[in-house]
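The structure appears right after this line, and notes come after that.
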Amino acid sequence: MTLLTTWPESGPETQVRRTSDPAEIAEALKPLGVRYEQWPIREDVPFDADSTTVFAAYGPEIDKLNAEEGFTTVDVLGLHPSDDPEYPAKAKAAREKFLQEHTHDDDDEVRFFVSGSGIFYLHVDGEVHAVLCEKGDLLGVPRGTTHWFDMGTKPSFTAIRFFHEEDGWIGTFTGAAISSRFPDYDTIAAGYGADKGAV
């Protein structure tokens with residue numbers, strides 16, 4: 001379930017917003033300059049599809065977004081649980097890379113989830129917005145937006161990444177410990193806050 005949860009930056013004790021309605025999510029994120037939309041889901045695309053399969057399946061949507069935004073690089077990143085003995089170490093390293101608060105000074109962060117899920121936490125104007133994205137969701141975070149990303153302790157997702165810069169992902173870390181104060185992916189995915197009404 002796609003989900004947006006908003007709290008004051010002081011902590012998650014007070015819930016400002018909680019919604020799984022795509023239209024409400026898009027409307028809430030729009031003032032932040034964040035692009036949220038849903039693309040048609042290609043049910044015949046395997047959850048661990050390779051880049052060739054993904055590009056073939058989502059070619060029209062990719063071409064349309066490229067025409068609108070002028071991206072120079074598009075790639076596919078996938079990480080799924082497997083019997084590979086190196087998976088636990090790869091998963092831990094991948095998660096830790098994005099888990100601390102950072103910005104991108106020269107590029108937007110635009111991701112489309114082909115399969116699986118992950119949470120983008122946007123720290124803007126005194127609030128933290130946790131956007132749980134799942135299969136079919138596209139999220140575009142403007143350059144300069146303070147945020148972090150959590151894929152959970154057992155990452156499972158395939159995503160299309162769009163870049164204006166040929167160098168790809170370059171983060172500038174703030175050094176703040178704010179990400180440790182808010183519910184992580186595993187907690188939210190397990191249903192955290194479902195019994196709390198928005199204030």
Side-chain angles (χ1 to χ4, degrees), residues 2-4 22-23 25-80 90-91 93-124 129-152 155-174 185:
T2 306
L3 179 68
L4 169 64
I25 292 172
E27 190 66 23
L29 296 178
K30 188 175 180 180
L32 310 179
V34 175
R35 179 177 190 152
Y36 171 77
E37 59 191 47
Q38 293 183 316
W39 288 0
I41 294 174
R42 309 285 192 256
E43 296 291 357
D44 57 338
V45 177
F47 76 96
D48 58 351
D50 60 22
S51 59
T52 300
T53 302
V54 170
F55 285 140
Y58 289 97
E61 288 83 4
I62 292 170
D63 291 344
K64 181 176 182 292
L65 189 59
N66 277 340
E68 293 173 358
E69 300 288 346
F71 295 108
T72 60
T73 303
V74 181
D75 67 13
V76 175
L77 176 67
L79 185 60
H80 297 276
K90 287 180 180 178
R95 184 185 188 217
E96 289 178 351
K97 178 178 181 180
F98 307 112
L99 199 53
Q100 299 306 311
E101 186 182 67
H102 60 275
T103 62
H104 302 291
D105 299 332
D106 299 317
D107 210 345
D108 303 330
E109 184 156 354
V110 182
R111 304 290 182 265
F112 171 72
F113 284 80
V114 177
S115 67
S117 59
I119 300 180
F120 283 91
Y121 296 78
L122 315 173
H123 182 195
V124 184
H129 310 267
V131 190
L132 172 58
C133 294
E134 295 192 324
K135 182 177 182 179
D137 291 333
L138 177 122
L139 192 74
V141 181
R143 69 189 67 194
T145 301
T146 308
H147 67 284
W148 66 93
F149 176 73
D150 190 1
M151 60 184 75
S156 181
F157 68 91
T158 296
I160 304 174
R161 308 190 301 174
F162 298 83
F163 299 100
H164 291 104
E165 298 293 327
E166 294 182 0
D167 292 336
W169 194 93
I170 301 174
T172 301
F173 292 88
T174 67
Y185 171 92

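All values below were derived from every heavy atom in this structure, side-chain atoms included, with hydrogens, water molecules and symmetry-related copies excluded.
To the nearest 0.5 Å, atom OH of residue Tyr121 and atom CD of residue Glu101 are 13.0 Å apart. Here the CZ atom belonging to Phe113 is positioned 9.5 Å from the CG atom belonging to Leu138, to the nearest 0.5 angstrom. Note that NZ of Lys97 is 9.0 Å distant from CE of Met151, once rounded to the nearest 0.5 Å. We find the CD1-CG distance between Ile119 and Leu3 to be 7.5 Å, quoted to the nearest 0.5 Å. Between the CH2 atom of Trp39 and the CD1 atom of Ile160 there is a distance of 5.5 Å, given to the nearest 0.5 Å. To the nearest 0.5 Å, the span separating CZ on Phe162 from CD on Glu109 amounts to 13.0 Å.
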Derivation and outcome, side-chain contact (heavy atoms from CB on, under 4.5 Å), residues Leu65 and Val110: CA-CA 10 Å; Leu65 189 59; Val110 182; 4.2 Å; yes
Test log, rule side-chain contact (heavy atoms from CB on, under 4.5 Å), inputs Arg161 and Thr73: CA-CA 8 Å; Arg161 308 190 301 174; Thr73 303; over 6 Å; no
side-chain contact (heavy atoms from CB on, under 4.5 Å) between Arg42 and Glu61, intermediate numbers included: CA-CA 12 Å; Arg42 309 285 192 256; Glu61 288 83 4; 2.6 Å; yes
side-chain contact (heavy atoms from CB on, under 4.5 Å) evaluation trace for Asp108 with Arg35: CA-CA 10 Å; Asp108 303 330; Arg35 179 177 190 152; over 6 Å; no
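In this structure the side chain of Leu32 reaches within 4.5 angstrom of the side chain of His129, judged on heavy atoms. The closest side-chain heavy-atom distance from Thr172 to His102 is not below 4.5 Å. Two residues are said to be in side-chain contact when any heavy atoms from C-beta on lie closer than 4.5 Å; Lys90 and Pro155 fail this criterion. A heavy-atom distance below 4.5 Å is found between the side chains of Glu43 and Lys135. Residues Tyr185 and Ser117 are in side-chain contact: their nearest non-hydrogen atoms beyond the backbone lie under 4.5 Å apart. Taking the side chain as every heavy atom from C-beta outward, Asn66 and Val74 approach each other to under 4.5 Å.
Each of Tyr58, Tyr36, Phe55, Phe71 was checked for a ring-ring contact (aromatic ring centres under 6.0 Å, His included) with Phe112, and the lone residue meeting it is Tyr58. With His147 as reference, Leu122 is the one residue of Val34, Val131, Leu122 to meet the side-chain contact (heavy atoms from CB on, under 4.5 Å) rule.
Between His80 and Thr158, the shortest heavy-atom contact is NE2-OG1, 2.8 Å. Summarising the geometry of Val45 relative to Ala49, their closest heavy-atom pair is CG1-CB, 3.6 Å, with the distance given to 0.1 Å. The nearest pair of heavy atoms linking Ala28 to Pro31 is O-CD, 3.3 Å. Among all heavy-atom pairs drawn from Thr103 and Gly144, the shortest one is CG2-O, 3.9 Å.
Scored by the side-chain hydrogen bond (donor to acceptor under 3.5 Å, both in side chains) test, Asp50 finds Thr53 as partners (sequence neighbours excluded).
With Asp137 contributing its side chain and Glu134 its backbone, the two residues share a donor-acceptor pair below 3.5 Å.
Other residues, nucleotides and ligands contribute at most 12 non-hydrogen atoms within 6.0 Å of the CD atom of Glu27.
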